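First comes the structure, then the notes that go with it.
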Amino acid sequence: MTERDTGRPAAGRTPGTPAGFTAQQAGPVRLAHPVAWKSVKPPEGWAYVALLGGSEAAARARVGVITDVPQAPSARMVSAAAITVVEVRTPGVRRGPDRRIRVAGAAEAVRVDYTYRDVVDGEPVGDPIRATDVAVVTPARKAFVVRVNGWEDDLPPAVIDQIVASLAATV
């Protein structure tokens, strides 16, 4: 159970594994994602990636843990750096506000929700992609970003909220 729209455990609760999800240790964080999503070898700078769809090219949704982020002193700074990379690579990003959330084991965390379209030859194409970044700074001042993204039809907001609610920093 989570508090509405925050992606954090309700008072007195700790993150758990929702029904139909599987828990994973994903580098510096424990997270849960739908059982149909399969882990794949992460790219350089990432600690973990799981996909809905057999390969990166066929992926309909994904969750990943980005560890190659600025080791900034605040989650807002880490979030700003992560979303700037997306905005530079993908014109037309529609970004929501930064929202402070609670992540178990973290000193602070910020969530930002956004949408974008793939870009081919400088032009947006295809259906909208829904995305959420959770920037985390641990008490040891280690920073990372959990990114969840996918086609809007394949990634309902409730699935994102369950993934976010399952997060627990472990470093």
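This structure is a prediction, so every number in the text was calculated from the model and none was measured.
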Spacing of His33 atom NE2 and Lys38 atom NZ [to the nearest 0.5 Å]: 8.5 Å
Are Val134 and Ile66 joined in one hydrophobic group, where the rule is that I, L, V, M, F, W and Y side chains link up if heavy atoms are under 4.5 Å apart? no
Closest heavy-atom contact between Ala143 and Val78? CB-CG2, 3.7 Å
Glu108 CD to Arg100 CZ distance, which is reported to the nearest 0.5 Å: 5.0 Å
Closest non-hydrogen atom pair between Leu51 and Ala59, with its separation: CD2-CB, 4.0 Å
Here the gap from Asp154 atom CG to Ile129 atom CD1, rounded to the nearest 0.5 Å, amounts to 11.0 Å
Shortest non-hydrogen pair, Ala169 vs Ala106, comes out as CB-N, 4.1 Å
Ignoring hydrogens and geometry, is there a side-chain-to-backbone donor-acceptor pair from Arg117 to Gly126 under 3.5 Å? yes
Which distance, rounded to the nearest 0.5 Å, do you find between the OG1 of Thr90 and the CG of Asp118? 7.5 Å
Other residues, nucleotides and ligands only: do more than 12 of their heavy atoms fall within 6.0 Å of CZ on Arg89? no
Checking salt bridge (Lys or Arg N to Asp or Glu O under 4.0 Å) against Asp113, which of Arg147, Arg94, Arg130, Arg99 comes through? Arg99
Distance-minimising heavy-atom pair for Val137 and Pro73: CG1-O, 4.3 Å
When you measure from the side chain of Ser39 to the backbone N and O of Ala50, does any donor-acceptor pair fall under 3.5 Å? no
Would Phe144 and Thr138 count as a side-chain contact (heavy atoms from CB on, under 4.5 Å) if you check the C-alpha gap in whole Å, the side-chain angles of each, and the deciding distance to 0.1 Å? CA-CA 9 Å; Phe144 58 90; Thr138 70; 3.9 Å; yes
Tell me whether Leu31 shares a hydrophobic cluster with Ile160, the cluster being built from Ile, Leu, Val, Met, Phe, Trp, Tyr side chains joined at under 4.5 Å. yes
Just how far is it from atom CZ of Arg60 to atom CG of Asn149, taken to the nearest 0.5 Å? 12.0 Å
Report yes or no: does Lys142 contribute a side-chain atom to a donor-acceptor pair with the main-chain N or O of Pro139 at less than 3.5 Å? no
Does one hydrophobic cluster hold both Val103 and Val110, with members joined at side-chain heavy-atom distances below 4.5 Å? no
Please lay out, stage by stage, how Arg30 and Leu167 fare under the test side-chain contact (heavy atoms from CB on, under 4.5 Å). CA-CA 6 Å; Arg30 183 192 154 286; Leu167 300 177; over 6 Å; no
Gln25 (side chain) donor-acceptor with Gly27 (main chain) under 3.5 angstrom: yes
Take Arg95 and Val112 through the side-chain contact (heavy atoms from CB on, under 4.5 Å) test and state the conclusion after the steps. CA-CA 7 Å; Arg95 180 181 191 270; Val112 62; 3.8 Å; yes
In plain terms, say whether Arg111 and Asp161 are close enough for a salt bridge, that is, a side-chain N and a carboxylate O under 4.0 Å apart. yes
How close do Ala81 and Pro70 get, heavy atom to heavy atom, and via which atoms? CB-CG, 3.6 Å
Report whether Val146 and Ile101 are members of the same hydrophobic cluster (ILVMFWY, side-chain heavy atoms less than 4.5 Å apart, transitive linking). yes
Using side-chain heavy atoms (C-beta onward) and a distance below 4.5 Å, is Tyr48 in contact with Val29? no
So if you build clusters from Ile, Leu, Val, Met, Phe, Trp, Tyr with side-chain heavy-atom gaps below 4.5 Å, do Val136 and Val145 land together? no
Report the C-alpha separation of Trp37 and Ile163 in whole Å, then their side-chain angles, then the decisive distance to 0.1 Å, and conclude whether the side-chain contact (heavy atoms from CB on, under 4.5 Å) test is met. CA-CA 12 Å; Trp37 298 22; Ile163 293 169; 4.0 Å; yes
Under 3.5 Å: donor-acceptor pair, side chain of Arg62, backbone of Gly150: no
Closest approach of Ser166 and Ala32, non-hydrogen atoms and distance? OG-N, 2.8 Å
Inter-residue atom distance Tyr116.OH - Ile83.CD1, 0.5 Å rounding: 9.5 Å
